[in-house]
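Everything on this sheet refers to the single structure shown next.
In what follows, chains are A, B, ... by sequence order, proteins preceding strands, each numbered from 1.
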Amino acid sequence: MTLQKLTRPWTAFNYGFLDESAKRELRRRILKAIAVPGYQVPYASREVPIARGWGTGGLQVTLTLLKPTSVVKVIDQGADDSVNASSIRKFVGRVGGAVETEDTMEATIIQSRHRIPEEKLREDQILVLQVPNPEPLRPVQPDMSVAREMHGDADYGQLWLILYEQLVKAGRIMQGSSYPSMVNGRHVMTPSPIPRWDVPKLNQADHLTILSAGREKRIFAVPPYTSVEPLVFDDVPYRVEDHQDKTCYRSDVSGFFMNELPQDDGSSLYELSDSHFGVKNIQKSEGEAIEIGETWYKNGRVK
Amino acid sequence: MALSILPTADDSRTNATFDELMWALARPGLVRILPLAGFETLAESLIDRECSFHAGSDSVLAKRLAETGARPVSLDKADYVFTTLGSERDVAAVSTLRIGTLAYPDEAATLFAPARIGSGQALRLSGPGIKDILTIEIGGVDPSFWPMREKAIRYPLGWDLYLVDGDRLIGIPRSTKIEVL
């Protein structure tokens with residue numbers, strides 16, 4: 001066996017930007033992540049042409065899964081049209097010839113930061129979440145070697161302490177995003193900085209979720225039909241944001257997660273956070289033949 | 001500058017193979033169809049110089065797998081094991097597969113074994129990736145294998161299993177509970 005035999009003829013560029021050895025490494029890690037849902041698998045996290053912290057983890061997973069028939073949607077805080085989302089989508093289209101879309105129902109791969117779309121994902125869809133901090137134990141244990149042991153021992157008592165302190169100080173749980181959640185009854189993971197509103201969408205979902213932290217070099221996954229339970233006290237039920245009664249000022253839709261837009265007079269307007277879901281609702285109300293998928297939340301309540 | 005980048009035939013094959021490997025593990029027990037039959041196809045999409053493997057007593061396969069750059073090692077040290085499970089002796093050997101450590105459960109082995117999918121021992125699967133429960137039939141695997149797996153796996157420790165029948169593939173990760181019917 002010589003290195004000569006392992007290498008391939010020179011080409012200017014590899015399909016999907018990452019070289020094959022990087023892809024193989026990611027493939028091996030993704031398989032381990034699926035086999036142990038919620039466990040953070042270390043990986044090499046190669047360089048990609050965006051800065052760490054801007055979605056490199058998610059991008060590497062998307063590039064590994066990519067094929068010319070992939071239909072890719074990228075969301076940033078619910079919006080398809082932010083600079084970060086557009087740039088990643090454009091990059092993926094350029095290096096992989098993938099079809100770009102903004103429609104949740106058309107996409108095969110959905111790379112997202114901070115939101116899960118309002119329309120239900122199907123069994124054949126993959127949600128790739130970008131994760132800034134993959135370690136739910138970091139606030140209680142800054143030493144990652146010790147935190148790793150705590151995961152090994154399922155020693156999660158201190159996470160309840162954080163929640164308890166919030167309850168005592170503020171009268172309610174203040175954890176707004178990255179709500180620690182127990183996966184498959186064994187590993188606590190951070191669901192990435194999605195709002196509390198989106199965490200129930202991961203529980204017993206039809207789709208596969210892969211969470212990847214490029215800067216921290218950790219990858220973890222939630223397979224379909226896997227339990228994801230937010231940590232709660234028996235007598236304090238899990239509560240999502242109170243957006244049930246808010247109405248989007250642009251699409252006139254209510255019962256979904258909203259962005260609050262403060263106004264000069266001190267009042268607030270609300271608009272749908274999932275931007276393309278809003279676009280579709282507006283197009284439909286204008287009489288266009290638009291199909292809106294089944295949503296996780298109905299009348300502001302998860303089914 | 002417009003780049004026209006298309007995957008080579010190799011790229012497409014390894015990508016499609018991994019797709020099947022991934023969905024097989026994400027949806028345990030459901031049959032996936034590989035682009036090409038054979039352990040070599042599975043190996044080329046996954047393993048390289050960073051890995052070790054064990055190919056049982058099949059020296060031809062061992063030689064083909066070594067072409068990926070992976071190191072041949074003994075079964076109890078291997079990352080990826082390609083072997084048959086037809087006899088009690090095979091199963092006894094496989095009982096020494098690596099199961100990882102509590103700090104690093106990902107340092108466990110992955111087992112690829114030939115089997116007959118669709119006839120034989122009925123198994124009831126449950127766990128992540130399985131909607132309610134799923135019953136499958138697997139032949140060509142020695143009956144002692146299933147109790148051995150049950151004993152070997154201490155979730156999250158344990159190894160992951162792929163059963164291969166020609167170009168058909170079933171994944172059974174360590175998180176799957178198997179009831180022998």
Quiz prompt | Contacting region of Asp19(B) [heavy-atom separation from chain A under 4.5 Å] | solution = side chain

Quiz item: Going from OH on Tyr39(A) to CG on Leu102(B), what distance comes out if it is rounded to the nearest 0.5 angstrom?
Solution: 10.0 Å

Quiz item: Between Pro105(B) and Val41(A), is any pair of side-chain heavy atoms under 4.5 Å apart?
Solution: no

Quiz item: Does the side chain of Ile126(A) come within less than 4.5 Å of Trp23(B)'s, by heavy atoms?
Solution: yes

Quiz item: Heavy-atom distance under 4.5 Å to chain A: side chain of Tyr80(B), backbone, both or neither?
Solution: side chain

Quiz prompt | CE (Met148(B)) with more than 12 external heavy atoms under 6.0 Å | solution = yes

Quiz item: Side chain, backbone, both or neither: which part of Ile130(B) has an atom under 4.5 Å from a heavy atom of chain A?
Solution: backbone

Quiz item: Using 4.0 Å as the upper bound for N to carboxylate O, is an ion pair formed by Glu50(B) and Arg28(A)?
Solution: yes

Self-check item: Option in Pro224(A), Pro223(A), Ala33(A) with maximal non-hydrogen atom pairs under 4.5 Å from chain B
Solution: Pro224(A)

Quiz item: Tell me, do Arg27(B) and Glu123(A) make a side-chain contact under 4.5 Å, heavy atoms counted?
Solution: yes

Practice problem: Check whether more than 12 heavy atoms from other residues, nucleotides or ligands sit under 6.0 Å from atom CD of Gln204(A), and answer yes or no. | Solution: yes

Self-check item: Over 12 foreign heavy atoms within 6.0 Å of CZ, Arg49(B)
Solution: no

Practice problem: Flag yes if more than 12 heavy atoms outside Lys151(B) fall under 6.0 Å of its NZ atom; otherwise flag no. | Solution: no

Quiz item: Would you say the side chain of Tyr155(B) lies within less than 4.5 Å of the side chain of Val36(A), judging by non-hydrogen atoms?
Solution: yes

Self-check item: Among the listed options Glu149(A), Arg24(A), His151(A), the residue most often paired with chain B at heavy-atom distances under 4.5 Å
Solution: Arg24(A)

Quiz item: Leu46(B) versus Leu31(A): any side-chain heavy-atom pair under 4.5 Å?
Solution: yes

Self-check item: Structural part of Ala103(B) lying under 4.5 Å from a heavy atom of chain A
Solution: both

Quiz item: Atom CG in Asp132(B), atom OH in Tyr225(A): separation rounded to 0.5 Å?
Solution: 9.0 Å

Quiz item: Taking all atoms of both residues into account, what is the closest heavy-atom pair of Asn184(A) and Ser175(B), and its distance?
Solution: ND2-CB, 4.1 Å

Self-check item: Shortest non-hydrogen separation from Arg174(B) to Ala35(A) and the atoms involved
Solution: CG-O, 3.9 Å

Practice problem: Could you tell me which portion of Leu65(A) (side chain, backbone, both or neither) has an atom closer than 4.5 angstrom to a non-hydrogen atom of chain B? | Solution: both

Quiz item: Atom CG of Asp106(B) and atom CD of Gln40(A): how far apart are they, to the nearest 0.5 Å?
Solution: 11.0 Å

Quiz item: Among Arg186(A), Lys23(A), Arg29(A), which residue forms the greatest number of heavy-atom pairs with chain B at distances under 4.5 Å?
Solution: Arg186(A)

Quiz item: Do the side chains of Pro7(B) and Lys67(A) get nearer than 4.5 Å, heavy atoms only?
Solution: no

Exercise. Determine the option with the most heavy-atom pairs under 4.5 angstrom with chain A, choosing from Ala24(B), Gly127(B), Gly69(B), Pro156(B).
Key: Pro156(B)

Exercise. Mind ranking Thr11(A), Leu208(A), Asn14(A) by heavy-atom pairs under 4.5 Å with chain B and telling me who comes out on top?
Key: Leu208(A)

Quiz item: Is there a donor-acceptor contact under 3.5 Å from the side chain of Arg27(A) to the main chain of Ser45(B)?
Solution: yes

Practice problem: Just give me the residue among Thr176(B), Thr8(B), Asp10(B), Ile47(B) that pairs up with chain A most often, heavy atom to heavy atom, under 4.5 Å. | Solution: Ile47(B)

Quiz item: When you measure from the centre of the six-membered ring of Tyr104(B), is the NZ or CZ of Arg148(A) under 6.0 Å away and within 45° of the axis?
Solution: yes

Quiz item: Side chains of Thr14(B) and Glu20(A): closer than 4.5 Å at any heavy-atom pair?
Solution: yes

Self-check item: Lys/Arg N to Asp/Glu carboxylate O, Glu107(B) vs Lys32(A), below 4.0 Å
Solution: no

Exercise. Count the heavy-atom pairs under 4.5 Å between each of Ala26(B), Pro173(B), Ala16(B), Ala66(B) and chain A, then report the option with the highest count.
Key: Ala26(B)

